[in-house]
Participant: 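Below is one structure. I have some questions about it.
For clarity, every value in this text was computed on a predicted model and none was experimentally measured.
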Amino acid sequence: MSTSTMPSRPAPAELVDDGPGQRLYWAFADGWTIVRRGLTHYVRQPTNILWQLGFPIVSVLLFGYVFGSAMSVPGGGDYREFLMPGLFGMTMAMGFMNTAYAVVLDTTKGVTDRFRSMPMAPSAVVTGRGGGDLVGAVVDLFVLAMTALVVGWRSQAGILGTLAAFALFLFLRFALTWVGVWLGMLVPNEEAAGSLFAVAFPFAMISSVFVAPALMPSWLGTIALWNPVSSTVTAARELFGNPAALGDTWIEQNALLMSLVWPVIITAIFLPLAIRRFQRLSR
Amino acid sequence: MTHTAIVAEQLHKHYKEKRALDGFDLTVPQGMVYGLLGPNGAGKTTAVRILATLVRLDAGRALVAGYDVVEQPRQVRRSIGFTGQFAALDEVLTGRQNLRMFGRLFHLTPKQAARRADELLERFDLVEAAGKGVREYSGGMRRRLDLASSMILSPQILFLDEPTTGLDPRGRNEVWESVRSLVAGGTTVLLTTQYLDEADQLAERIAVIDHGRVIADDTPDALKTLIGGDRIEVVMKDAADVPVAVKVVARVATAEPEVDDTSRRVHAPVADRVAALTDVARTLQDDGIGVEDIGLRRPTLDEVFLRLTGHRVEEQPDEAGGAGEISSPDTSRGATR
Ligand SMILES: Nc1ncnc2c1ncn2[C@@H]1O[C@H](COP(=O)(O)OP(=O)(O)O)[C@@H](O)[C@H]1O
Ligand SMILES: [Mg+2]
């Protein structure tokens, strides 16, 4: 223990009590600090990305090569071309588990409480998480797209169409962040967060990710068609110019529209739930 | 500023039927360490969390640094440091990165945050570990970093919720050292503990809390006088020697010795600990009387409670407490609410 006396109290940049402008500024600044924290996690544990992507990458090999020859795409087209956008979508769909896990760690370790005891913008705890996870999702998509390119997947669209398709994936992931935040505050501990896999797995799988819903039993196919993941994946396939196995149901014909509507609905439901849950911490 | 550091009046907080706080009153003057002593479940954490603006109170009024915790939470947050029951750190980041991040969130500029982080690392003796991930830190190091994180703005008031629970004696000493030096710098500390000796070591005043209410509030010395201070304890080899021991112990004791026949134990409060111990040991040895064990024992929280309330600290189903401590940390109720 050094015996030097305490240096004088550093003056916080925010001196006077804040007007609305100040508050807005700090909401963004604090959110950005939390996003940077998430980025530092990636830098400090780069191999984590590979762990997180282990499942989709194994799926590329398993479904692309082992089962792939037995798979057919209704309406024709190469199965691997069909599969890759599906795997992008699957990774986005399951990403909320990472969010939930990070949130539950912060809550049980008391980091969330420390944040709440500080004069920072309370909203930053939640928005920072969303921003950080979005950056993580960009990294995920980049690594997956590289893998897909290696196994021969190509986007037939121009730069704009390709970027638009990736933006749709990120939009879905962003909306699902609030599901993750909400669940992360709902579950009691890390183990329980791990068991969320039982929710994430069917959510991602009962969709058009691996198989066209037309090939499923009709009740299951209907669920798969109306799964938000399917809308995003189908819309992306169309944008990429990949085989999309497009049926003539309304939901498939309007995949692009629905790939925008679903995330809005998800956000409208789960963002308020997440905020309420956050506020309930002070009960 | 001449306000009282903390004023709590008739705080009430209940969870369903359970009354966590039930008319909790506390006044903490500036610049001292104030100990909040009580068994597991007494309401210590609830009280601290209300004062740190983390939990809303049901009724009552609390001023921290002169600000109302309900009406002016932002001002309160700017005046306090909070260290919860578990070290609240980002395990992946390094010690330095943690401090810089918290510094930014306290709205220091990047430069200020970096400089402050370095000062605190030095001050809490963490310079060597600064670049290591917190995951690799020992319990004592984590606690020190945790304390450092609460000290970024040199808060007027620091809340420490069971800062040493779960630490080994070495880690405990490290934390005690840190707390002492903080107070030397003028910080007011409100510290909760389940250990009487910890409150005794650190606190200038102690409030004893039971069932969500303060049942005694005094200096450690006064509390110890109330329950009779340190005790000498002699265990005889032979039950026949117990009456002799009682006589010998009575000569140095400040109260009638108590006898436990089954364990052949004689104990009594003493004023001058060392003189009493040497006197009794020498006398018994000179008389050739077989002693199995002899020692000084500080009063336990259990004894404080017995005196104050007439009942022992209530048994908790999940506890495994030894002498001088009441139970393992109440991990069953983490911060997951
Ligand atoms: N969030 C909560 N929900 C339900 N009961 C709670 C909650 N927090 C505390 N309690 C109860 O309130 C009482 C006081 O708890 P606490 O303040 O944690 O005591 P201490 O910190 O002294 O061990 C305990 O009986 C505890 O079970
Ligand atoms: Mg407690």
Participant: As an exercise: rank A/Q45, A/M120, A/M118 by heavy-atom pairs under 4.5 Å with chain B and give me the winner.
Facilitator: A/M118
Participant: Tell me, out of A/A29, A/S117, A/A121, who's got the most heavy-atom pairs with chain B below 4.5 Å.
Facilitator: A/S117
Participant: Can a side-chain donor-acceptor contact be found between A/R114 and B/S150 if the only test is distance below 3.5 angstrom?
Facilitator: yes
Participant: For chain B, which residues of residues 35-44 of chain A have at least one non-hydrogen atom nearer than 4.5 Å to it?
Facilitator: A/R37, A/T40, A/H41, A/R44
Participant: Where does B/D146 contact chain A at under 4.5 Å (heavy atoms): side chain, backbone, both or neither?
Facilitator: both
Participant: Is the count of non-hydrogen atoms from other residues, nucleotides or ligands lying under 6.0 Å from A/F142 atom CZ greater than 12?
Facilitator: no
Participant: Heavy atoms only, distances under 4.5 angstrom: which of B/P73, B/G81, B/S149, B/A184 has the most pairs with chain A? Name it, please.
Facilitator: B/S149
Participant: Using non-hydrogen atoms only, which part of B/F102 is less than 4.5 Å away from chain A: side chain, backbone, both, or neither?
Facilitator: both
Participant: Has A/F28 got more than 12 heavy atoms of other residues, nucleotides or ligands less than 6.0 Å from its CZ?
Facilitator: no
Participant: Quick one: of B/L89, B/T94, B/D90, B/D58, who has the most non-hydrogen atom pairs under 4.5 Å with chain A?
Facilitator: B/D90
Participant: Rounded at 0.5 Å granularity, tell me how far CE in B/M101 sits from CD1 in A/I34.
Facilitator: 6.5 Å
Participant: Could you measure the distance from the CD atom of A/Q22 to the NE2 atom of B/H107? Nearest 0.5 Å is fine.
Facilitator: 9.5 Å
Participant: Got a second to check how far B/L54's CG is from A/L281's CG, nearest 0.5 Å?
Facilitator: 9.0 Å
Participant: In terms of heavy-atom pairs under 4.5 Å, which option from A/D106, A/V111, A/T112 contacts chain B the most?
Facilitator: A/V111
Participant: Would you say the side chain of B/R56 lies within less than 4.5 Å of the side chain of A/Q279, judging by non-hydrogen atoms?
Facilitator: no
Participant: In terms of heavy-atom contacts, does CZ of A/F171 have more than 12 from other residues, nucleotides or ligands at under 6.0 Å?
Facilitator: yes
Participant: Measure B/A87 against the heavy atoms of chain A and call it side chain, backbone, both or neither at under 4.5 Å.
Facilitator: backbone
Participant: As an exercise: rank B/T53, B/N98, B/L93 by heavy-atom pairs under 4.5 Å with chain A and give me the winner.
Facilitator: B/L93
Participant: Assess whether atom CZ of B/R180 is packed by more than 12 heavy atoms of other residues, nucleotides or ligands within 6.0 Å.
Facilitator: yes
Participant: Looking at B/E128, I want to see if its CD is surrounded by more than 12 non-hydrogen atoms of other residues, nucleotides or ligands under 6.0 Å.
Facilitator: no
